[in-house]
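One structure is given here, and the rest of the page talks about it.
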Amino acid sequence: MSDAEEGRLERLTGMLKRRGIILPAFEIHGGAKGLYDFGPVGGRLRNKVNQAWLNHWISLGNIVEISCPTVTPYAVLEASGHVGEFSDFLTDCNSCEEASRADTMLESHHPNPDSLSKSDLQQLLNSINPQCPACGASDWSPIVAQNLMFNTTIGAGNSGRPGFLRPETAQGMFTSFPALYRHNRERLPFGAVQVGKGYRNEISPRQGMIRLREFNMAELEYFIDPEIEPEHDFSDWSSIEMNLISESDGQVTMTINDAIGKNVVRHATVGFFMAKTFDFLTNIGIDSSKLRFRQHESDEMAHYASDCWDVEILGSYGWVECVGIAHRGCYDLESHEKATGKTLRARREFAQPKIVEIDGWTTNGATAGPAFRALAGAVKNAVEQLPTSCQFPTQISLENGESVTVDMEHVKRVQRTESISGEWYIPHVVEPAFGIDRIIWHLLDHAYHESAKGGDEYVTLKLSKTVAPVDYCVFPLFEKDGMGQLAKEIHKSLCSKSAIVSIYDASGSIGRRYARADEIGVPICITVDHQSLQDNTVTLRDRDSGQQSRVLISEL
RNA sequence: GCGAGCGUAGUGUAGUGGUUAUCACCGAGCGUUGCCAACGCUUGAACCCGGGUUCGAGUCCCGGCGCUCGCACCA
């Protein structure tokens with residue numbers, strides 16, 4: 001990062017803290033790494049982003065919103081693979097005892113240290129022996145694997161059982177698949193969305209909002225039948241060229257439709273969600289020229305995924321992954337099925353039912369049991385192998401070499417016709433997963449504009465109207481002659497409208513008040529002046545152009 | 001935390017140690033209707049988990065987990 005960029009970043013984070021958008025949490029107690037507050041302005045911003053996200057997906061028509069607990073029993077995350085796999089490789093500085101991630105320290109010495117095994121990573125660490133980012137020493141303890149989940153105990157004392165705070169919202173959507181399936185009238189495809197908190201006990205949180213220990217995430221799990229070719233309409237994006245970094249072709253620019261046609265994007269539903277994600281991000285104010293899709297390398301992708309694209313956004317910390325769109329196959333549902341023995345499947349009917357004839361023998365438990373005692377199980381197995389034409393009594397030899405006589409009273413005929421009308425299969429899942437905090441960070445980063453105004457530095461936060469935390473500021477030119485009162489009335493009537501936030505501000509010069517409003521990105525300022533008292537009009541000032549226009553109060 | 005009771009399809013349930021695990025509603029498909037839970041045919045779905053006793057466990061025993069009710073506590 002250049003000095004100029006570093007200066008901008010410092011001024012931006014300073015402004016965010018000063019104006020109550022994003023600030024370090026628990027600061028009066030010394031703060032806590034990786035934990036941030038959304039302040040009085042940021043809280044509203046976060047909510048609007050979450051809401052815009054939900055609306056964006058729910059409008060597809062086959063998506064439902066659910067909300068699952070963050071406290072999660074051990075067994076759930078064991079089944080999902082998180083207990084075993086979800087860990088980072090950690091090494092301690094022997095000089096200052098600061099823990100660091102071995103892979104991140106070696107990033108400049110290996111193309112993808114994240115993919116290395118523990119022993120390879122240890123070898124690389126030994127040969128490079130990097131400096132400790134905290135104290136500068138080069139003396140490291142052996143690498144240990146550290147699980148990234150916050151563990152907790154569900155219930156008190158001896159009756160408590162182990163659990164974790166969820167590291168992602170997804171598992172709750174997989175475990176409630178049967179309810180979702182039935183709710184959706186047993187028809188695929190459908191999806192479930194959830195916004196909420198996730199927790200990862202990061203070893204070294206840094207870069208502000210980029211790596212957090214408690215974070216806001218928003219995930220869609222979209223369930224599809226792998227045997228049905230997906231049909232998506234890409235006409236909305238036919239003229240939009242997207243920046244793609246593909247595993248095989250490197251950096252390319254093409255429409256999403258072409259990318260699917262050329263198999264750069266391997267699955268149409270993944271491509272569809274990439275396009276929808278592009279829309280979402282640009283609608284809320286991400287600069288499309290600072291947005292790219294990067295395909296995971298084979299060694300970077302989770303072993304079960306068949307294709308995965310990250311959305312990376314360019315900001316003060318470089319290109320940062322903010323969204324992951326993964327084709328997860330049947331891995332998740334299958335894992336929970338194996339762990340629980342419950343059915344997590346969807347059904348497809350055959351065009352024609354299959355007819356299966358069953359005709360043979362089995363034992364009659366009520367007579368064969370007492371007759372053969374300990375051998376009853378083996379006799380049953382042997383009898384079920386007998387041909388339909390078998391005559392009783394008959395002599396049969398068992399697996400253990402013994403020979404028994406089976407009478408007619410020990411057996412019964414099994415004869416029926418089964419008609420099999422369909423089959424059960426495990427749906428595949430395509431999952432777009434959004435890091436809301438990272439997206440909000442980049443919204444702010446992209447919206448933050450510095451300019452010179454009369455020799456002073458002037459800040460405008462050019463947030464999109466869909467996410468701007470404050471919709472209107474109402475200013476009386478002066479708080480006298482009834483202007484203050486009229487302005488308060490306007491403010492009050494705006495506040496009474498649902499989903500509208502207005503701020504009343506009468507302190508300081510009018511220019512200073514515009515500047516305050518611009519700094520938190522208020523799109524429109526309303527000013528009550530002398531003329532307002534006579535003709536019931538006010539001036540509307542547009543944030544980005546500074547243009548003013550007069551409108552009737554009744555038309556606001 | 002204490003005491004009592006209970007865990008069978010999505011829901012509510014039946015099930016003398018041997019059934020292809022009952023019934024109803026329900027869901028899906030097709031048809032007849034045609035506007036606020038209609039009808040017919042086809043079809044789908046379950047014994048909480050783990051041990052034990054037994055030739056054989058939904059059923060008996062033990063442990064775990066969960067739920068309900070009362071008491072205690074509580075945002």
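In what follows, chains are A, B, ... by sequence order, proteins preceding strands, each numbered from 1.
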> Considering residues at least two apart in sequence or located in another chain, which fulfil the side chain to side chain contact (heavy atoms under 4.5 Å, CB included) criterion with A/Gln385?
Replying inline: none
> For residues 418-428 of chain A, which residues have at least one heavy atom under 4.0 Å from RNA chain B?
Replying inline: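 Those residues whose heavy atoms fall under 4.0 Å from RNA chain B, taken from residues 418-428 of chain A in numerical order, are A/Ser421, A/Trp424.
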> In residues 63-77 of chain A, which ones come under 4.0 Å of RNA chain B, going by heavy atoms?
Replying inline: none
Just the rounded figure in Å: distance from [atom2] of [N] to [atom1] of [X].
X	N	atom1	atom2	value
A/Arg348	B/A28	CZ	C1'	15 Å
A/Ile154	B/C65	CD1	P	12 Å
A/Leu180	B/G10	CG	C1'	13 Å
A/Phe350	B/C30	CZ	C1'	18 Å
A/Arg345	B/G44	CZ	C1'	15 Å
A/Arg373	B/U53	CZ	C1'	13 Å
A/Lys380	B/U54	NZ	P	20 Å
A/Tyr181	B/A45	OH	P	10 Å

>> Taking only the P atom of each, what is the distance from B/U32 to B/U22 in whole angstrom?
In response: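 It comes out at 32 Å once rounded to the nearest Å.
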> Could you write out RNA chain B as a dot-bracket string, with dots for unpaired bases, | for bases paired across to another strand, and Watson-Crick or G-U pairs counted at under 3.5 Å?
Replying inline: (((((((..(((.....[....)))(((((((.....)))))))...(((((..]....))))))))))))....
>> Go nucleotide by nucleotide along RNA chain B from the 5' end; which of A/Gly365 and A/Ala374 gets its closest nucleotide reached first?
In response: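 With A/Gly365 and A/Ala374 compared, the 5'-side residue is A/Gly365.
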> Got a sec, which pairs hit salt bridge (Lys or Arg N to Asp or Glu O under 4.0 Å) with one end in residues 54-77 of chain A, sequence neighbours left out?
Replying inline: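 For residues 54-77 of chain A, and leaving out neighbouring residues, there are no salt bridge (Lys or Arg N to Asp or Glu O under 4.0 Å) pairs at all.
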>> Does anything in residues 350-364 of chain A form a salt bridge (Lys or Arg N to Asp or Glu O under 4.0 Å)? List the pairs, not counting sequence neighbours.
In response: A/Asp359-A/Arg413
> Do any N or O atoms from the side chain of A/Arg44 and from the backbone of A/Val467 form a donor-acceptor pair under 3.5 angstrom?
Replying inline: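 Checking the backbone N and O of A/Val467 against the side chain of A/Arg44, no donor-acceptor pair under 3.5 Å is found.
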> Do the side chain of A/Arg182 and the base of B/C26 come within less than 3.5 angstrom through a donor-acceptor pair of N or O atoms?
Replying inline: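 A donor-acceptor contact between them is present.
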